[in-house]
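Only this structure's heavy atoms are used, side chains among them; waters, hydrogens and symmetry mates stay out. Whatever order the structure lists ligands and atoms in, that order sets their numbers, starting from 1.
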Amino acid sequence: MITKEPYIVISDVSYRYSDAKHYALEELNFTIYKGEFVVILGEHLAGKSTFCQILNGVIPNFKGGEMKGSVIVGGLNTQEVSVAEMAQKVGMVLQDPAAQLFTTKVINEVAFGPENLCLDVDEILERVRWALQVVGLAGFEERSPTSLSGGQQQRLAIAAALAMRPEVLVLDEATSQLDPIGTIEVFSLVQELNKKYNMTIVIATHKSEEAAQFADRILILHQHRLIAQGVPQEIYQNTKLLEQVNIPSPQVSRLATYLEEHSLRLPEFPITIEQARKGIEQLVRRSENCEP
Ligand SMILES: Nc1ncnc2c1ncn2[C@@H]1O[C@H](COP(=O)(O)OP(=O)(O)OP(=O)(O)O)[C@@H](O)[C@H]1O
Ligand SMILES: [Mg+2]
């Protein structure tokens, strides 16, 4: 449920990596509301990963460089609190599932963050139990993370983030190395976290189909700037803009454009398979009714 409560407020942010000549993000202004599911699209080197890292304070607190403006997350200014403190507000899941798992047992992986918060043992065990259950890995406690599938490894990485009880989950290309089944596993889990726990979700991805299906709002980064934002329907209908910034439309939207070029207009421009199916059914029904 999207509320009107601004949760992440990005004001006039420009950021340059310490060894870089150019800004990786320029004059960014954006507000994300509590419970929102936001997807960031943009071509290679547009600034998506940099955007993700300003949300948990890794930029600039850990990576240095020059940052202008401010990022407020849940009332905390990322530049005024430590990366460890921000980790309790913002959980982060990265592209390579194996690279972010570094212990030999699933249970240790999930316990690692809470242990570093010096919580008592019962609280740590309760968090681990809850996080593994939420991601569907209860019963996997003693398994080695390397024995899991890619989708399971990403669910484990999400469990490790959840054990810190964050209010925001940020996924940076977290499904780019997964097959279609692993991708759906992760997106479905994230959708459940969003709906059931009202967790705010920010996902950087190249996958237009998933963005269309899951996002409340899509942001488009292009050459380090935020150039468009809107609900998926609005964004994907703007085919000119998408072409300009090299972002593919969902396949069903391309099909609709093709049909339109051949004088077959669907009642509503589809961005998901379900919408396309309904539209085509209506079209068929209409043509049957017109038959002599
Ligand atoms: N560690 C770094 N040091 C210097 N410059 C960097 C660093 N990381 C990224 N950049 C630069 O910042 C800009 C934005 O890069 P970023 O990695 O955020 O883009 P991206 O949209 O995530 O790209 P990709 O789709 O390849 O993941 C690029 O110009 C890139 O060269
Ligand atoms: Mg990236």
Legend entry - Protein heavy atom at shortest distance from atom 26 (O) of ligand 1: His44 ND1, 2.5 Å
Inset, instruction - Specify the protein heavy atom at minimum distance from atom 25 (O) of ligand 1: its residue, its atom name, and the distance to 0.1 Å. - result: Lys48 NZ, 2.8 Å
Legend entry - Student check: side-chain heavy atoms of Glu210 and Thr205 closer than 4.5 Å: no
Inset, instruction - Say whether Ala24, considering both its backbone and side-chain N or O atoms, lies within less than 3.5 Å of an N or O atom on ligand 1. - result: no
Inset, instruction - Identify which of Phe51, Tyr17, Tyr15 has a heavy atom lying nearest to atom 6 (C) of ligand 1. - result: Tyr17
Legend entry - Heavy-atom pair with the smallest gap, counting every atom of Thr50 and Ile59: CG2-CD1, 3.8 Å
Legend entry - Residue pair Leu162 / Leu193, side-chain heavy-atom distance below 4.5 Å: yes
Inset, instruction - For the residue pair Phe30 and Arg217, establish whether any side-chain heavy-atom pair is separated by less than 4.5 Å. - result: yes
Legend entry - Geometric N/O contact Ala20 with ligand 1, under 3.5 angstrom: no
Legend entry - Sub-4.0 Å heavy-atom approach of Gly42 to ligand 1: no
Inset, instruction - For ligand 1, note which part of His224 has a heavy atom under 4.0 Å away: side chain, backbone, both or neither. - result: side chain
Legend entry - Shortest protein heavy-atom distance from atom 18 (O) of ligand 1, along with the residue and atom involved: Thr50 OG1, 2.5 Å
Inset, instruction - Find out whether Phe51 and Leu28 are in side-chain contact, i.e. whether some heavy atom of one side chain is under 4.5 Å from a heavy atom of the other. - result: yes
Legend entry - ligand 1 atoms in contact with Glu43 (distance to a heavy atom under 4.0 Å): 21 (O)
Inset, instruction - Compare all side-chain heavy atoms of Val38 with those of Leu219 and state whether any distance is below 4.5 angstrom. - result: yes
Inset, instruction - Could you tell me the separation between the CD atom of Glu167 and the CD atom of Gln88, rounded to the nearest 0.5 Å? - result: 10.5 Å
Inset, instruction - Would you check if the Mg ion (ligand 2) lies under 2.8 Å from any N, O or S atom of Ser49? - result: yes
Legend entry - Side chain to side chain, Phe112 and Asn108, heavy atoms closer than 4.5 Å: no
Inset, instruction - Decide salt bridge (charged side-chain N to carboxylate O under 4.0 Å, His left out) for Glu274 and Arg277; before the verdict, give the C-alpha distance in whole Å, the side-chain angles of both, and the deciding distance to 0.1 Å. - result: CA-CA 5 Å; Glu274 188 51 26; Arg277 190 181 61 75; 2.7 Å; yes
Legend entry - Numbering as shown, the atoms of ligand 1 that approach Ser49 to under 4.0 Å (heavy-atom distance): 17 (O), 18 (O), 20 (P), 22 (O), 27 (O)
Legend entry - Residue part near ligand 1, for Asp19, under 4.0 Å between non-hydrogen atoms: side chain
Inset, instruction - Flag the pair Gln213 / Lys207 as yes when at least one side-chain heavy-atom distance between them is below 4.5 Å, and no otherwise. - result: no
Inset, instruction - Look at atom 30 (C) of ligand 1 and say which protein heavy atom is nearest, naming residue and atom and giving the distance to 0.1 Å. - result: Leu45 CD2, 4.0 Å
Legend entry - Atoms of ligand 1 close to Gly47 [distance to a heavy atom under 4.0 angstrom, numbered from 1]: 14 (C), 16 (P), 18 (O), 19 (O), 20 (P), 21 (O)
Legend entry - Non-hydrogen atom of Gln95 closer than 4.0 Å to ligand 1: no
